[in-house]
Amino acid sequence: MQERYEPAAVERAAQTFWDEQRVFEARESADAAGKFYCLSMFPYPSGRLHMGHVRNYTIGDVLTRFHMMQGKTVLQPMGWDAFGLPAENAAMKNGVPPAKWTRDNIAYMKGQLKQLGFAFDWSREIATCDPSYYRWNQWLFLRMLEKGIAYRKTGIVNWDPVDQTVLANEQVIDGRGWRTGALVEKREIPMYYLAITKYADELLGDLEQLPDWPERVKTMQANWIGKSEGCEIAFPYAPDTRALMGHDGALKVFTTRADTLFGVTYMAVAAEHPLALAAGAKNAELQAFIDECRRGSTMEADIATQEKKGMRTGFSVLHPFTGKFVEVWVANYVLMGYGEGAVMGVPGHDARDYEFALKNELPIVQVIKSKTDAFANLDPPWQDAFAEYGVTVNSNEFNGLEFQAAVDAIAAALEKKGLGKKRVQWRLRDWGISRQRYWGCPVPMIHCAKCGEVPVPDKDLPVVLPEGLVPDGSGNPLNKTPSFYESACPKCGAAARRETDTMDTFVDSSWYFLRFTCADAQTMVDERAKYWMPVDQYIGGIEHAILHLLYSRFWTKVMRDLKLIEVDEPFKNLLTQGMVLHHIYFREPAPGRRDYFNPADVEVLLGEDNQRKGAILLTDNQPVEWDGLGTMSKSKNNGVDPTALVEQFGADTARMFMMFTAPPEQTLEWSEEGVQGSFRFIRRLWKAVYDQVNTPPPADALAIEKFDKSQLTAAHKDLRRIAHHTLEKVTDDIGRRRSFNTAVASVMELLNAVGKLTDEGLVTRVVKHEALEIAVMCLSPMIPHVTHELWHQLGHETALIHERWWTPDPEALVQDSLEISVQVNGKMRARVTIAAEATQDAAVAAALADANVQKFVDGKPIRKAIYVKGKLVNIVV
RNA sequence: GCCCCGGUGGCGGAACUGGUAGACGCAACGGACUUAAAAUCCGUCGGUCGCAAGGCCAUGCCGGUUCGAUUCCGGCCCGGGGCACCA
């Protein structure tokens with residue numbers, strides 16, 4: 001064995017072995033110890049791997065290798081989320097077609113993944129931009145159309161009036177188009193939608209079937225779906241409104257607070273509401289306000305933070321009970337997409353309505369009083385709305401009722417009048433999948449002047465996206481490509497126009513995990529999906545906690561209802577990994593302009609107290625500003641290239657750093673010193689094995705079964721106990737807790753313990769050998785290359801990846817006595833050693849025998865003594 | 001604005017079900033080895049008082065529950081993720 005650890009050679013040899021033996025090609029098999037489908041979110045092929053990918057895929061790889069060694073058949077596939085906006089942006093910048101840019105990136109990034117030694121089954125690789133994949137997007141879309149799940153309606157998009165193009169939210173900066181700087185407008189266009197709301201109830205209810213999902217993700221999903229039980233209430237048009245609208249209608253609202261109905265002092269509708277539009281047509285000033293509301297972005301965050309503005313329409317509706325006139329306003333905080341696009345304004349009992357009423361000098365009426373009288377009287381000037389539940393007042397026949405009783409009574413009375421009823425409102429909206437973009441999956445529809453919208457027949461699938469086009473920023477190039485859009489109506493044969501919108505890329509990623517189970521199937525999926533599904537472990541960024549996961553769950557349920565698969569939920573266990581952060585350094589050469597410097601080129605200056613004092617740029621020794629920690633990004637120039645890292649330290653060091661530095665769910669701060677520390681540790685491990693096998697007697701003559709346990713000294717027993725305890729802990733940390741950082745830490749402790757046993761007796765060498773084998777095995781999921789080599793060096797013929805994971809020797813774990821802590825009145829006062837089997841009385845007696853404990857008991861009577869077995873005694877005096 | 005999460009030494013973190021706060025690592029400091037440097041090895045390392053034994057303070061802030069709170073509850077401050085066309 002060579003004394004020096006050289007990662008490049010070790011990693012090449014291990015990777016060659018895995019490749020040649022096809023170790024990671026998954027085989028469906030009935031006789032294994034079960035199956036394990038381990039999936040990491042597939043990457044967008046942006047050009048190069050970033051550290052977030054390395055972290056994500058290392059976590060998946062650790063679990064994959066661990067479960068393989070448990071004797072399961074394991075599937076860990078990899079592919080490419082290959083459609084999307086960045087390819088079009090790159091095309092505009094470089095003049096290269098998105099297809100070429102994307103495929104080049106895939107080739108490069110695949111090389112990077114291989115370099116990191118991930119146990120992927122590359123025989124199942126898929127790219128969503130391949131027609132063999134996306135044809136099934138189209139096929140399933142047609143099935144959804146048949147079932148009424150896919151349908152067409154208008155939706156609002158960001159419109160750049162200069163480039164004459166639809167903008168993504170990302171392309172809207174401060175309400176202006178990113179390229180033109182023009183004020184963005186909202187525009188209504190026809191789009192295809194998927195009726196995810198039909199599954200709202202099930203998507204919410206089935207969260208309970210997911211005990212192995214993080215609670216926070218389930219909470220976020222539940223809030224996103226947003227089930228509200230409330231009332232629909234109709235406010236009949238007053239005569240003027242009736243004349244305006246031309247019929248005897250009513251303004252409908254949805255509210256969860258029907259108990260506050262008598263506190264309504266105004267109504268507010270969205271700018272896109274029919275009543276607003278009709279009123280605006282007769283009033284130039286109002287029309288100008290509506291136009292203003294329709295400028296700006298469509299993003300909810302922008303809408304919610306903008307100044308709340310409103311204007312009178314001049315029209316009124318009638319209160320369903322009192323018949324009083326209520327003025328209708330147009331307000332920019334009312335969303336057309338939620339509920340009815342209209343709300344009743346109750347300033348006394350809603351914070352937002354309160355703010356609006358103050359600003360517009362609208363009356364505020366109290367109709368709820370606090371049960372505890374804390375807010376009994378809301379005489380003006382009020383400090384705030386009283387938004388809590390209470391008892392109705394000033395509500396005619398409904399006075400004196402608590403929340404639920406008031407809602408029940410009011411809803412019943414409304415229903416009798418035909419002016420409302422109880423109903424459930426979901427926050428969740430149907431999923432608009434149409435994108436006015438080129439680099440995506442074509443929507444398989446044809447528009448015929450005579451027959452209307454006609455689905456492309458199954459036999460004509462896939463509708464293939466022409467790959468040579470280069471977008472120029474002014475709309476979808478498919479609209480300028482007659483060979484694509486010129487078509488014939490499948491029904492009547494007349495000339496017709498093919499749909500040029502493509503699908504949201506979330507469609508592609510909503511079922512890729514199913515295709516991985518049978519990547520070469522001639523149908524969308526085949527029976528292999530039944531073998532592998534559900535995914536046993538899904539790993540990805542917390543930023544996907546809502547949309548991607550919700551869409552995938554929805555898509556899975558649709559496919560289940562089409563009898564294509566059998567599972568209700570796609571992902572059994574979910575791990576949401578944190579982001580990778582690094583320091584941000586910049587200079588501001590001119591106001592508003594910032595030049596960012598890579599942390600690798602910056603030196604941090606420490607003060608005498610070891611605190612960071614400042615930083616300088618190494619090239620000119622001049623100070624740079626520190627902007628804290630942020631996610632690694634191109635724009636902040638704080639990324640670290642995985643390939644450079646692997647070349648310098650090896651893949652194992654990169655993986656080790658990722659696993660040891662932070663728990664997987666938390667953010668991870670990059671640290672050059674931390675990387676070096678990881679490298680140092682691997683080198684120490686290498687050296688320990690080297691010393692073991694290069695000191696006579698030769699290591700391969702030692703077999704753990706042969707040694708005589710009666711020869712073990714206390715020190716030997718201690719090391720064996722530590723070794724087997726480490727094995728037990730690592731098994732639990734990886735298998736159950738997914739706490740990789742503590743697993744690594746415990747192996748470090750084991751290695752420290754091995755180093756402390758310095759005598760060269762035969763028994764010591766045998767015990768150390770076993771301890772090193774355990775250390776190597778425990779680390780192998782994290783640092784597979786070096787452990788592959790060290791396992792052989794420790795005398796094993798079988799490759800480590802083919803070894804069955806060991807179970808701890810119960811005999812080694814036995815402990816005769818243990819140290820417990822002693823508290824007096826909850827304060828730590830001493831530590832005493834007791835027999836492992838000691839009773840409470842014995843433990844308390846041992847505690848009281850301690851001098852320091854006596855000092856604090858000080859002769860006072862003992863009121864109570866608490867013994868927590870094997871841990872502590874608390875004496876209460 | 002709304003939803004979710006987090007805050008522990010100089011730093012990353014540990015403490016798993018309410019039971020020894022600071023495992024493990026990084027940085028720093030002291031020492032050994034070396035012509036020297038690097039590497040390696042040994043030691044110290046939350047604050048404070050004390051010669052020591054040991055005491056007191058300390059897990060963002062304020063309050064509560066408990067024999068006992070980093071952990072549970074209420075209120076606040078700060079940081080991060082998501083908000084439907086970035087993926």
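These numbers come from a predicted model, not from an experiment. Chain identifiers are assigned alphabetically (A, B, ...) following the order of the sequence lines, protein sequences preceding nucleic acid strands; residue numbering begins at 1 within each chain.
Considering only side-chain N and O atoms, A:Lys827 lies nowhere under 4.0 angstrom from the phosphate OP1 or OP2 of B:G54. For the OP1/OP2 pair of B:G55 and a distance below 4.0 Å, the side-chain nitrogens and oxygens of A:Asn852 include at least one atom meeting the criterion. One finds no side-chain N or O of A:Thr742 lying less than 4.0 angstrom from the OP1 or OP2 phosphate oxygen of B:A14.
Ring pair A:Tyr44/A:Trp101 is tilted by interplanar angle, where 30° to 60° counts as tilted. Taking the six-membered ring for Trp and thresholds of 30 and 60 degrees, A:Phe506 and A:His548 have nearly parallel ring planes, at less than 30 degrees apart.
For a distance-only test at 3.5 Å, the side chain of A:Gln666 fails to qualify as a donor-acceptor partner of the base of B:G13.
Rounded to whole Å, atom P of B:C4 lies 14 Å from atom CD of A:Gln221. For A:Met782 and B:G25, the CE to P distance is 15 Å, given to the nearest whole Å.
Base pairing annotation: B:C26 forms a Watson-Crick or G-U wobble pair with B:G10, both donor-acceptor distances under 3.5 Å. Using N1 to N3 plus N6-O4 or O6-N4 for Watson-Crick, or N1-O2 and O6-N3 for G-U wobble, each under 3.5 Å, B:C56 pairs with B:G47.
Taking the P atom of each, B:C51 and B:C67 are spaced 39 Å apart, rounded to whole Å. Rounded to the nearest Å, the gap between the C1' atom of B:G18 and that of B:C72 is 8 Å.
Nearest-nucleotide positions on RNA chain B place A:Thr661 closer to the 5' end than the other of A:Thr661 and A:Arg684.
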